[in-house]
There are 2 protein chains.
Amino acid sequence: MSDSASLPDTPERILDAAEALFAERGVEATSMRAITQRAGANVAAVNYHFGSKEGLLQAVLRRRLDSLNARRIAQLDAAEAGAGGAARVKPHLVVQAFFAPAIALAADRTGGGQAFMRLLARSSGNPAQFLREFLAAENSAVMERFSAAFARAMPDVPPQEVLWRFHFMLGAFSYAIMGVDNLRLLTGVDVDGEDAWARLPDRLMAFLLGGLRAPLPGLAPPGDSAS
Amino acid sequence: MSDSASLPDTPERILDAAEALFAERGVEATSMRAITQRAGANVAAVNYHFGSKEGLLQAVLRRRLDSLNARRIAQLDAAEAGAGGAARVKPHLVVQAFFAPAIALAADRTGGGQAFMRLLARSSGNPAQFLREFLAAENSAVMERFSAAFARAMPDVPPQEVLWRFHFMLGAFSYAIMGVDNLRLLTGVDVDGEDAWARLPDRLMAFLLGGLRAPLPGLAPPGDSAS
DNA sequence: GTCTATATCATGATAGAC
DNA sequence: GTCTATCATGATATAGAC
């Protein structure tokens, strides 16, 4: 829409810079000076456009989170339509609908998608109240929708158990995103190289499905009575 | 060892206060003034006993992490002795050796174990270099030992794959620890009540084992043909 | 909308008396 | 070892010129 240069306008440049720095150094360790300097803008611009640092963080998150969640819902819609009824969707497809769009976003190394997903993953553990409330509100629709979908897809597993496993899956996913660098540091071993991101989706999906469909605790190991 | 009162001495009181506040508010959001006030000590006491805020955080982590890791190693030793050779330990026991001591610590609501585990889980994602280096050094022995144990326990799965699954398990575990409050907030549903911590070990272990032993990606589901 | 300059405040750390 | 008082720094946020 701009007629002069190929540069994004100031608010967007600030969002890009903040996204990158928040992901790299953490929110609290990133000063507004560092953000505006990287964005080629002035310190006052943040407050003018976003009100405050908190407002900026919310804007950074909202920019991609809304469309991400929309993609998840759309994929779940498609799965339910294809299965002919919400009650007949296989667990595999529910997992896929929720995590595949996020993994795809995290695999985008150059466009900022990866930075965003790392920031989002870390933000989910951030104890700041305003962030917890923001994320809870932002995600409530998707969480309710998928909680119900998982429960329907696994009628033989108690709903509470399904909810917990959904939560465990979220944790494994978060670590996976931060993990490509992390894993080398933790174990000292260099796990794959450039291929890591290419192989991650299959690896992760296999793990998540294995955990989701594990035998219930306190039952005989390989009965598989829960279909 | 003290003859006067039943109160712990100043360094320990500071460690207790820092542990609780770091876990509750996050490290960056916790000021040394808040810590010393809660500990009933003076602001200068932190620098006197621990050198700096970074030094304090490391001391808080080290206080419990060393013994936790020692318990993990001891339990793995016992499992290998009981199985008659390191190569014959079942995956189930390796998972148990690593995670059971940590879950037990996290279930300790009153003694500070839970606060410590939450802090540790969040610290594993903290991008600060000094923290990453500290944790890498502190955990290197356990990580190498268990990485090898997992690889030996699952000879049919490529070692890299096992490492990734170990990493995924760490993620699920971390979320599980922060999760009892988190889950209610994310889903709006109140999942169990006081029983949550009592049921967590079985729930989590079932999930972890399911993920660890999931069929390899890109192969026929239950073939197990990979040697 | 964008900038310079500045206000206001909280932080981590230290000096030095006791 | 413990305290008071203070320093130097860096933070967010704003006022007001352009």
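Reminder, nothing fancy here: chain letters follow the sequence lines and each chain counts from 1.
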Under 4.0 Å from OP1 or OP2 of [N]: is there any side-chain N or O of [X] that close?
X       : N      : value
B:Asn42 : D:dT4  : yes
B:Ser31 : C:dT11 : yes
B:Ser52 : C:dG12 : no

Inset, instruction - Fit a plane to each ring of A:Trp164 and A:His167, take the angle between them on a 0 to 90° scale, and name the class: parallel (under 30°), tilted (30 to 60°) or perpendicular (over 60°). - result: perpendicular

Inset, instruction - For the residue pair B:Phe166 and B:Phe99, categorise the inter-ring angle as parallel (less than 30°), tilted (30 to 60°) or perpendicular (more than 60°). - result: perpendicular

Inset, instruction - Please step through ring-ring contact (aromatic ring centres under 6.0 Å, His included) for the pair B:Phe98 and B:Phe150, ending with a clear verdict. - result: CA-CA 11 Å; B:Phe98 188 89; B:Phe150 275 120; 7.4 Å; no

Inset, instruction - Pick base, sugar-phosphate or nothing for A:Ala45, based on heavy-atom distances below 4.0 Å to the nucleic acid. - result: nothing

Inset, instruction - Could you check whether B:Thr36 gets within reach of a base, just the sugar-phosphate, or nothing at all, counting any heavy atom under 4.0 Å? - result: nothing

Tell me: [atom1] of [X] to [atom2] of [N], nearest whole Å?
X       : N      : atom1 : atom2 : value
B:Phe50 : C:dT14 : CZ    : P     : 16 Å
B:Leu21 : C:dG12 : CG    : P     : 12 Å
B:Asn47 : D:dT4  : CG    : P     : 16 Å
B:Gln37 : D:dT4  : CD    : P     : 13 Å
A:Tyr48 : D:dT14 : OH    : C1'   : 14 Å
B:His49 : D:dT2  : NE2   : C1'   : 8 Å
B:Ile14 : D:dT2  : CD1   : P     : 8 Å
A:Glu28 : C:dG12 : CD    : P     : 13 Å

Legend entry - A:Ile177, A:Leu21, A:Val60 screened by side-chain contact (heavy atoms from CB on, under 4.5 Å) with A:Leu119, the one that passes: A:Val60

Legend entry - Any donor-acceptor N/O pair under 3.5 Å between C:dG12 base and B:Arg33 side chain: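 For B:Arg33, whose side chain was compared with the base of C:dG12, there is a donor-acceptor pair (under 3.5 Å).
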
Legend entry - A:Ala44 side-chain proximity, nearest of C:dT2, D:dT12, C:dT4: C:dT4

Legend entry - Note: A:Arg145-A:Glu80 ion pair, threshold 4.0 Å (strictly below):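 Here A:Arg145 pairs with A:Glu80 in a salt bridge, since their nearest N and O are under 4.0 Å apart.
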
